[in-house]
Every structure is written in C-alpha cells, then in structure tokens.
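Everything on this sheet refers to the single structure shown next.
Keep in mind the model is a prediction, meaning the values are calculated, not measured.
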Amino acid sequence: AKRLRGMLSALREHDPASFASAPALPATDEAMRALVAPTVERALARRRAMTAKGESAPSSSPPPPPPRESMVVVAVSPTARGAWRVGAHACAFDAAAKLPPATCVVVPHSKRAWPSVKDTAWPSLRRALVERTLAFETSSPSPTEPLDEILLSDADGDALTEGGVTNFFVVVEETKRRGSSAAGARTSDVFVQTAPVSECLAGVGRAAAFAACAAIGVRVVEKTPRLSENSAERGSVWKEAFLTNAVRGVRGVRAIRSPFFGNENDAKTRAASFDPGPDADAGDRTAAAAAAAPARRGAAGAAMPGDAA
C-alpha cells in the first residue's frame, strides 16, 4: 500500500493533467489498502476457483501441487467522474526456476523519465526498445548471442540505471595503493553497486538484495554504475553483475554489450563479460545474489494484497 501510494503521488506530480478529475489520494496506507482490498480479494477468489476447477477435471496424470503463493498485479487510475478505478489480476506464483546467466544489451537514450513510477504505458515502451535493439543487432554482420535483458542508459550509453524488468547490480573490486610509492602495498575493497532510487524503480527484488547484503555484511553503494568506470587502470573492476526481479528472483549476468556504437574499438570499451564458471547457477557466483535468492519468498510476499505495485 505504501509503494502504491508513493507511485500514484509521483505520477500525479509528473502528469497532473491525467489526474485533473481525480479525488484526493488515500491519506494513509490503511486507506489505500481499504481501497484496493475488495478488488484484490475478488481476483484471488477467481484464481482459487480456476485452480479448483482444474483439479476436478479428469486426467490420466496426477495434478501438480497447488502453489503456496499468489502474485497479484494491481492497477489504480482516476475516472472522469472523480473516483478511483481499481483493477487486479491474480495468478499462481511458483518458485522461480534458476535461469542461465543473462546477456544484456545497453540501449542509449532509454533512461526512464519517471523512474519511481511503474505505469501501464511502460510495457509498450519497453517492447519498442527491445524491438529496436533486435532490429539493430539483426542488421549487424557479426553474429551475437541472443539478448535476455535490455539495460536502460543515458544518451552516451554509459550510465546503466536499470533493466527493462529488473534492477541491475555490479560487484566492484576497488584497489587502492597505500602511500605515494609505486611499489607501495595495495588494499582492495569489494562492494555491491546499483543506481539510486532517483534513477531506477525501487523494486521489491532490489529491496530483498539490499537486505541480503546487510545480513552478510556486504556494503551497497547507491551510485549508478558506468561502463567507463569499469577499468583496471582506474583501480575499479566489475567482478560480477546480477539482475533482480520480484518474480524471477536473482539472475547472474554473463555479458554486457553496447552495439549502438559504430566504432568497434569504442564498442569494446563499452562492454563487460563475466565468467560464471562451468558449474555456476544463476546468481550463485555473487555472495549477495546467492544470499538474496532465499529472500525470493519474502519479496513475493511483499507483492501480496495491499502492497502490489
């Protein structure tokens, strides 16, 4: 409820014309919960009825075990008559399957104008970005691995704010030299870095990763990762990267590429690759990601009635 109120408030601030006839926002989390709860309960009741109908149908094979959790997507919008329209869709939430490490493609000029808001226009905009990227890569003479996720970026394709449906993290090893001597001792610091909420959606999976990092004593730096800063010469190297999503959990990243730059050498400097190892499952190479994986159930629970956004 708190996240939903925050998103509606931000959307109203950025797009006041769409809220010209809207009533006042619910003043408290409890009021927001009361507004959406009846619709969410009806959506859950429909899902339970569909599940029961499927279980009662004759079949030669035993039915799968019922899911322990449900995922609810809630949409709230103002009507022309000065009221709130609430819609909800509920579906089974099964444990996220482990996915192979992802190949990500940087899309310049794609940074979202309202990163704190998840609105119904975004899926169409995201689809257009993916289609644009696929069309560009298809026209390239060099074969490339299929992309798994796009990374939203600034005009330079350098700052990586978030994924199309994920939050993006890098594991940074920063090396510093003690003293002014070239032969001086070096110290290294390893931390997790991700964009601040002013530049990305404050996702439920992102929050779970933060909690996991805190639990195992890993420092998190909220600063937008930049490909240009991934440099051994600068003493800052990206050792790993991973994506988080409330439904999909944690997924490791195999490679990042930026195909929109014509100069091949320039494009190479705007790329990164990671070796997850022959036996590594998604996210298992990153201590923070591995710790966040068990938090998937908690992240999914945060998307239950009243908190879905």
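If you take CG on Leu25 and CZ on Phe19, they are separated by 7.5 Å, rounding to the nearest 0.5 Å. We find the CZ-CE distance between Arg46 and Met50 to be 9.5 Å, quoted to the nearest 0.5 Å. Separation of atoms CE (Met32) and CG (Asp29) is listed at 8.5 Å; rounding is to 0.5 Å. With rounding to the nearest 0.5 Å, the separation of CG in Leu151 from CZ in Arg257 is 11.0 Å. Rounded to the nearest 0.5 Å, atoms CD (Glu131) and OG1 (Thr133) are 10.0 Å apart. Put simply, CD on Glu174 and OG on Ser236 are 5.5 Å apart, with the number rounded to the nearest 0.5 Å.
Residues Phe168 and Leu243 form a side-chain contact, since some pair of their non-hydrogen atoms from C-beta on lies under 4.5 Å apart. The shortest distance between side-chain heavy atoms of Trp84 and Pro78 falls below 4.5 Å. Here the side chains of Ser70 and Leu44 are in contact, with some heavy-atom distance below 4.5 Å. You'll find the side chain of Leu152 stays beyond 4.5 Å of the side chain of Pro115, heavy atoms only. At a threshold of 4.5 Å between non-hydrogen side-chain atoms, the residues Ile256 and Phe274 count as touching. Counting only heavy atoms from C-beta outward, the side chains of Thr224 and Pro196 approach each other to under 4.5 Å. Residues Arg112 and Thr161 have side chains not in contact (no heavy-atom distance under 4.5 Å, counting atoms from C-beta outward). In this structure the side chain of Val76 reaches within 4.5 angstrom of the side chain of Val36, judged on heavy atoms.
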Please test Asn230 against Val237 for side-chain contact (heavy atoms from CB on, under 4.5 Å), starting from the C-alpha separation and ending with a verdict.
-> CA-CA 5 Å; Asn230 177 27; Val237 177; 4.1 Å; yes
With side-chain contact (heavy atoms from CB on, under 4.5 Å) as the test, would you mind laying out the steps for Glu13 and Val117 before giving the verdict?
-> CA-CA 11 Å; Glu13 179 181 346; Val117 176; over 6 Å; no
Could you go through the side chain to side chain donor-acceptor pair (under 3.5 Å) check for Thr194 and Arg206 one step at a time?
-> CA-CA 9 Å; Thr194 191; Arg206 179 182 185 272; 4.6 Å; no
Stepwise side-chain contact (heavy atoms from CB on, under 4.5 Å) check, Val107 with Arg132 = CA-CA 9 Å; Val107 183; Arg132 167 192 166 195; 3.7 Å; yes
Before giving the answer on side-chain contact (heavy atoms from CB on, under 4.5 Å), spell out for Val171 and Trp238 the whole-Å C-alpha distance, their side-chain angles and the decisive distance to 0.1 Å.
-> CA-CA 6 Å; Val171 180; Trp238 294 0; over 6 Å; no
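A side-chain donor-acceptor contact under 3.5 Å links Glu149 to the backbone of Gly164. Formation of a donor-acceptor pair under 3.5 Å by the Ser153 side chain with backbone atoms of Leu160 is not found in this model. Side chain of Ser9 to main chain of Arg5: no donor-acceptor pair is present (N/O by atom type, distance under 3.5 Å, no hydrogens or angles). Side-chain atoms of Ser116 never come within 3.5 Å of backbone atoms of Ser198 as a donor-acceptor pair (strictly under, hydrogens ignored). The backbone N or O of Leu201 lies less than 3.5 Å from a partner atom in the side chain of Glu162, making a donor-acceptor pair.
Between Trp114 and His14, the ring planes are parallel. Angles under 30° get that label, and only those over 60° would be called perpendicular.
Test Ile150, Val250, Val253, Asn245 against Thr166 for side chain to side chain contact (heavy atoms under 4.5 Å, CB included) and you get one pass: Asn245.
Taking the charged nitrogens against the carboxylate oxygens, Asp148 and Arg251 do have a contact shorter than 4.0 Å, which makes a salt bridge. Salt bridge status for Asp158 with Arg226: present, with a side-chain N to carboxylate O gap under 4.0 Å.
Cys200 approaches Ala195 most closely through the heavy-atom pair SG-O, 3.5 Å. Thr79 approaches Ser21 most closely through the heavy-atom pair O-OG, 2.9 Å. Here the closest non-hydrogen pair linking Arg3 and Gly203 is NH2-CA, 4.0 Å.
Hydrophobic clustering keeps Val197 apart from Val165 (ILVMFWY residues linked when any side-chain heavy atoms are closer than 4.5 Å, directly or through intermediates).
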